[in-house]
There are 2 protein chains.
Amino acid sequence: MPSPEAITAWARLMRVSRQLVESAEDALKAGGLPPLAWYDVLHELAEAGEGGLRPFQLIERTLFAQYNISRLLARLEADGLVEKLPVADDGRGQTIRITARGREMRRQMWAVYGRSITELVGAKLSADELNMVSALLGRLRHPPVVD
Amino acid sequence: MPSPEAITAWARLMRVSRQLVESAEDALKAGGLPPLAWYDVLHELAEAGEGGLRPFQLIERTLFAQYNISRLLARLEADGLVEKLPVADDGRGQTIRITARGREMRRQMWAVYGRSITELVGAKLSADELNMVSALLGRLRHPPVVD
DNA sequence: TCAAGCTTGATGCAATTGCATCTATCGCCT
DNA sequence: AGGCGATAGATGCAATTGCATCAAGCTTGA
């Protein structure tokens, strides 16, 4: 049913993304570091600053499932990388804040992860081509990027 | 360390691919069909024809881990979608061949999967743009596509 | 005010994944 | 022929994921 062009693009997207994720995960593992998912969360929390984020905000930003975030945060807390604070005006909720150790971990992970990105993507395409990829993929996103 | 362009392209690739996979998986689930991984294997086996494929060939083609293929094939066999045949000249190995039921399942899955591809990708970009995506992503693949 | 329904986050249980290792067979080299 | 490393595939066990559901607190509307 889909056009041949759509099928090829889809297939390539599936294959390349799997391959890139795997390479990046391997690099982290080789460095004795936690998986990518941890980076995603630590990154969002680092951007959020001292105010921290509510778990449901992390879900929106990272696309992880609710139960996934719930348990990932439990592991991060057990490792002292984040802390859970009660929320004043909502007794159900909590605010997640990155700790100093969490920032340090993120820094270490970025050293490896950033290198992977450079090797796997930055070194393969020119800046113009990278922008083209971003623009085209942006239109596949939901909601589409308008830039 | 990576350029801003590389980071954006990487981030978008990660996000979009996760989103697309999730959408396609949801569509299959909603249709009471097995997950995408099953399709990938059935697709390769259908292409391979009566000769079938060895498990290690499936690993090369699909990028799944060895233990993953091993167990996925066990499930597919349990469902009668593939059959395992001994190999004449290699006592360790087996040949996997898709059954009639397997072909039928693949057909059903494609009805749903193909529609997802059309909606998620085919309807969002022109044929030229799709070809551009394929070409750019092809250069990120390992080994790179030369087309 | 308070019941009904919604939102937030956690969790029991089953299925899947990942890791390490195992068995069996093969191919090669002496 | 016999031994030895390499290859093919399976599997025990721990960790993670997915699904369904739960408990607690919030919000709204009569």
Side-chain angles (χ1 to χ4, degrees), chain A residues 18-19 21-41 44-45 52-79 81-97, chain B residues 18-19 21-41 44-45 48 52-79 82-97:
Chain A
R18 256 191 284 175
Q19 220 169 39
V21 167
E22 196 187 317
S23 296
E25 293 275 19
D26 285 353
L28 287 170
K29 219 170 304 178
L33 294 166
L36 270 186
W38 290 38
Y39 182 85
D40 289 347
V41 168
E44 293 298 335
L45 291 174
L53 286 177
R54 300 284 298 269
F56 71 86
Q57 295 178 298
L58 280 169
I59 291 168
E60 292 163 4
R61 284 167 171 70
T62 61
L63 305 183
F64 290 130
Q66 184 270 321
Y67 55 79
N68 225 323
I69 284 289
S70 178
R71 295 199 256 224
L72 180 44
L73 290 176
R75 280 172 236 151
L76 289 169
E77 188 189 28
D79 274 35
L81 303 179
V82 307
E83 51 188 352
K84 300 184 174 183
L85 310 168
V87 175
D89 59 339
D90 189 341
R92 294 166 300 184
Q94 44 189 286
T95 294
I96 309 297
R97 193 164 62 193
Chain B
R18 257 191 282 175
Q19 220 169 39
V21 168
E22 197 187 316
S23 296
E25 293 276 17
D26 285 352
L28 287 170
K29 220 170 302 177
L33 294 167
L36 270 186
W38 290 38
Y39 183 85
D40 289 347
V41 168
E44 294 298 337
L45 291 174
L53 286 176
R54 301 282 299 268
F56 72 86
Q57 295 178 298
L58 281 170
I59 291 168
E60 292 163 3
R61 285 167 170 71
T62 61
L63 304 184
F64 290 131
Q66 183 269 321
Y67 56 79
N68 225 323
I69 285 289
S70 177
R71 295 200 256 225
L72 180 44
L73 289 176
R75 281 172 235 150
L76 288 169
E77 187 188 27
D79 273 35
V82 307
E83 51 188 352
K84 300 184 173 181
L85 311 167
V87 175
D89 58 339
D90 188 342
R92 295 166 299 183
Q94 45 189 285
T95 294
I96 310 297
R97 193 164 60 191

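Chain letters run A, B, ... following the sequence lines, proteins first, then strands; residues in each count from 1. These numbers come from the heavy atoms of this one structure, side chains and all, not from hydrogens, waters or symmetry mates. On a predicted model such as this, the values are computed, not experimentally measured, just so you know.
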What are the bounds, 5' to 3', of the part of DNA chain C that sits under 4.0 Å from heavy atoms of chain A?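 With heavy atoms of chain A under 4.0 Å away, the range is dT7(C) to dC19(C).
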For [X], side-chain hydrogen bond (donor to acceptor under 3.5 Å, both in side chains) partners two or more places apart:
X: Glu83(A); result: Arg97(A)
X: Arg61(A); result: none
X: Arg75(A); result: none
X: Arg71(B); result: none

Please list all pairs passing the salt bridge (charged side-chain N to carboxylate O under 4.0 Å, His left out) test where one or both residues lie in residues 86-96 of chain B, with sequence neighbours left out.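 Applying salt bridge (charged side-chain N to carboxylate O under 4.0 Å, His left out) to every pair that reaches into residues 86-96 of chain B, excluding sequence neighbours, yields Arg54(B)-Asp90(B), Asp90(B)-Arg92(B).
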Side chain to side chain contact (heavy atoms under 4.5 Å, CB included) against Ala27(A), all qualifying residues, sequence neighbours excluded: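 Ala27(A) satisfies side chain to side chain contact (heavy atoms under 4.5 Å, CB included) with Val112(A), Ser116(A) once adjacent residues are dropped.
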Results of side chain to side chain contact (heavy atoms under 4.5 Å, CB included) for Gln19(A) - residues two or more places apart only: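 With neighbours one apart ignored, the set is Leu63(B), Arg141(B), His142(B).
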So, using salt bridge (charged side-chain N to carboxylate O under 4.0 Å, His left out) as the criterion, who are the partners of Glu25(B) when residues are at least two apart?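 If we apply the salt bridge (charged side-chain N to carboxylate O under 4.0 Å, His left out) test to Glu25(B), skipping adjacent residues, there are no hits.
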If you look at every heavy atom in Ala48(B) and Leu53(B), which pair is closest and at what distance?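 What the structure gives for the nearest pair is CB-CG, 3.5 Å.
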Which residues within residues 66-79 of chain A lie with some heavy atom under 4.0 Å of an atom in DNA chain C?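 Correct list: Gln66(A), Tyr67(A), Ser70(A), Arg71(A).
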5'-most contact on DNA chain D: Ala37(A) or Gly91(A), nearest heavy atom basis?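 Closest to the 5' end, via its nearest nucleotide, is Ala37(A).
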Donor-acceptor pairs under 3.5 Å, side chain of residues 32-41 of chain A to any protein atom, not counting sequence neighbours: which ones?
from     : atom 1 : to        : atom 2 : distance (Å)
Tyr39(A) : OH     : Arg106(A) : NH1    : 2.6
Asp40(A) : OD2    : Arg18(B)  : NH2    : 3.4

Give me the bend of the helix from dT1(C)-dA30(D) to dT30(C)-dA1(D), using the axes of the five pairs at each end, rounded to 10°.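 Its terminal axes enclose an angle near 10°.
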